[in-house]
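Taking it in order: structure first as C-alpha cells, then the write-up.
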There are 2 protein chains.
Amino acid sequence: MEIKTKQQGIKVVADVLDIVGGKWRGQILAHLCDDPKRFNELKTVLNRITSSTLTKELRYLEDIKMVERKIIQDTPIVVEYRLTEHGMSIKDLIYHIVAWGLKHRDTVFEKKG
Amino acid sequence: MEIKTKQQGIKVVADVLDIVGGKWRGQILAHLCDDPKRFNELKTVLNRITSSTLTKELRYLEDIKMVERKIIQDTPIVVEYRLTEHGMSIKDLIYHIVAWGLKHRDTVFEKKG
DNA sequence: TATACAGGTAGTTTTTAGGATACCTAATTT
DNA sequence: AAATTAGGTATCCTAAAAACTACCTGTATA
C-alpha cells in the first residue's frame, strides 16, 4: 500500500484517529475487544473517567456504528455495550497499536518519566 | 496477544495515541513515511496548518525521537525532516491505520458527510 | 528597490475536550 | 426509612490545543 496516494491516503489517517483518538475512545474500544461490558464496568476499569464523559464517548461510538448499546434487562435495568459486527474490525488495529506500543514506547518515552 | 493483560495492555493504547493522535501528528508521520520532507512541503501538504503549529508538532516529534531535523544546506537554508531509524518502526502501524480506514471509514462515517 | 520564498518565533485569542458538580428514576439492601 | 447500586442527564467551567496575527533573518528574483 502506498501512502503516497496523496490526499486520499493521508486524510484517512486523520479520520481513523478521529475515531480512535482522544483520551478515552481507544481505551474504550480496547476494553470492548475482550467482551461486552456494562456501563459501570467500563467506568471502573477506565480509572478517573466521569459518567458524563463516558456517556458522551459511548454515544459517539454508537453514532458511528462502532458500538451498540443493549438493554439486556429492564428492571432493574442492565445495559451492555459491545462492538458491533462492523466494530469488531477494529480489533486487529488495536492489536497493532498495542504491539507497537509494547515494543517502542519505552524508547520513545525514555526522557519523559 | 491478549489485550486482557488489563491495565498493561490498555494503558499502552493511550500512550501510543498520545504520540500519533491529535489533529496533526498522525498526518505528519504519514507524510514522512514516504520520504523526507522540507518544512514548507509539509506545510503545503498539510492543508491549513499554521507555521507555529507545525513547528510545535515537529519539535514534539523530535523530542520523542521519532523525527529528526537536518539542515541540509546552510545558505540559503534548507531543512529536511525525516523519520529517525526508530521512527521508521511507525510505518507498519500507519499502514494498518490506512488499511483499516480505507476499508471502513465509509461505513463508519456514512451519516457524517 | 522591493517583493517573495525559506524557515521559522512570539504573543494573543478562540475552540474544544474533558472534568466538576448536581441531579434524575427505579430497584435493592440494610 | 435511608442508603446504595445501576445507568444515566444537564449545566457550567477550565485547561489545553490549535488558530490568528504579526514579526524575524537571510537569500533570491523582478
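No hydrogens, no waters, no symmetry mates; every other heavy atom, side chains included, goes into these values. Just so it is clear, the structure is predicted and the values come from calculations on it, not from any experiment.
Across all non-hydrogen atoms, the minimal contact from B:Q27 to A:A14 is NE2-CB, 3.6 Å.
Among pairs with a residue in residues 32-58 of chain B, none fulfils ring-ring contact (aromatic ring centres under 6.0 Å, His included), at least two apart in sequence or across chains.
For A:W100, the ring pair (Phe, Tyr, Trp, His ring centres under 6.0 Å) criterion is met by A:H104, not counting sequence neighbours. With sequence neighbours excluded, no residue satisfies side-chain hydrogen bond (donor to acceptor under 3.5 Å, both in side chains) with B:T55. Shown here are the side-chain hydrogen bond (donor to acceptor under 3.5 Å, both in side chains) partners of B:T53, two or more places apart in sequence or in another chain: B:T50.
For the helix from C:dT1-D:dA30 to C:dT30-D:dA1, the terminal axes (five pairs an end, C1' atoms, rotation from four pairs onto the next four) enclose an angle of 10°, given to 10 degrees.
Taking for each of A:P76 and A:E57 the nucleotide of DNA chain C with the nearest heavy atom, the 5'-most of the two is the partner of A:E57.
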- Message: Within the 4.0 Å limit for protein heavy atoms, which parts of nucleotides 2-9 of chain C are touched? Write it as a string from 5' to 3', B for base, S for sugar-phosphate only, - for none.
- Response: ----SSBB
Using residues 74-85 of chain A as the side-chain source, report each donor-acceptor pair under 3.5 Å to any protein atom, sequence neighbours left out, with the distance given to one decimal.
residue, atom, partner, partner atom, Å
A:E80, OE1, A:R82, NH2, 2.6
A:Y81, OH, A:R59, NH1, 3.3
A:Y81, OH, A:R69, NE, 3.4
A:T84, OG1, A:K65, O, 2.7
A:T84, OG1, A:M66, O, 3.3
A:T84, OG1, A:H86, N, 3.4
A:T84, OG1, A:G87, N, 2.7

List the atom pairs, with distances to 0.1 Å, where a side-chain N or O of residues 16-25 of chain B and a protein N or O form a donor-acceptor pair under 3.5 Å, not counting sequence neighbours.
residue, atom, partner, partner atom, Å
B:R25, NE, B:E57, OE1, 2.7
B:R25, NH1, B:D18, O, 2.7

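A nucleotide of DNA chain D counts as in contact with chain A when one of its atoms lies under 4.0 Å from a heavy atom; the first and last such, 5' to 3', are D:dA6 to D:dA10.
One can place CD1 of A:I71 at 18 Å from P of C:dT25, the figure rounded to the nearest angstrom. One atom, CG of A:L46, and another, C1' of C:dA17, lie 16 Å apart when rounded to the nearest Å.
A:K37 places a side-chain N or O within 3.5 Å of a backbone atom of A:H31 that can act as its donor or acceptor partner.
Of the residues in residues 15-24 of chain A, none lies under 4.0 Å from DNA chain D by heavy-atom distance.
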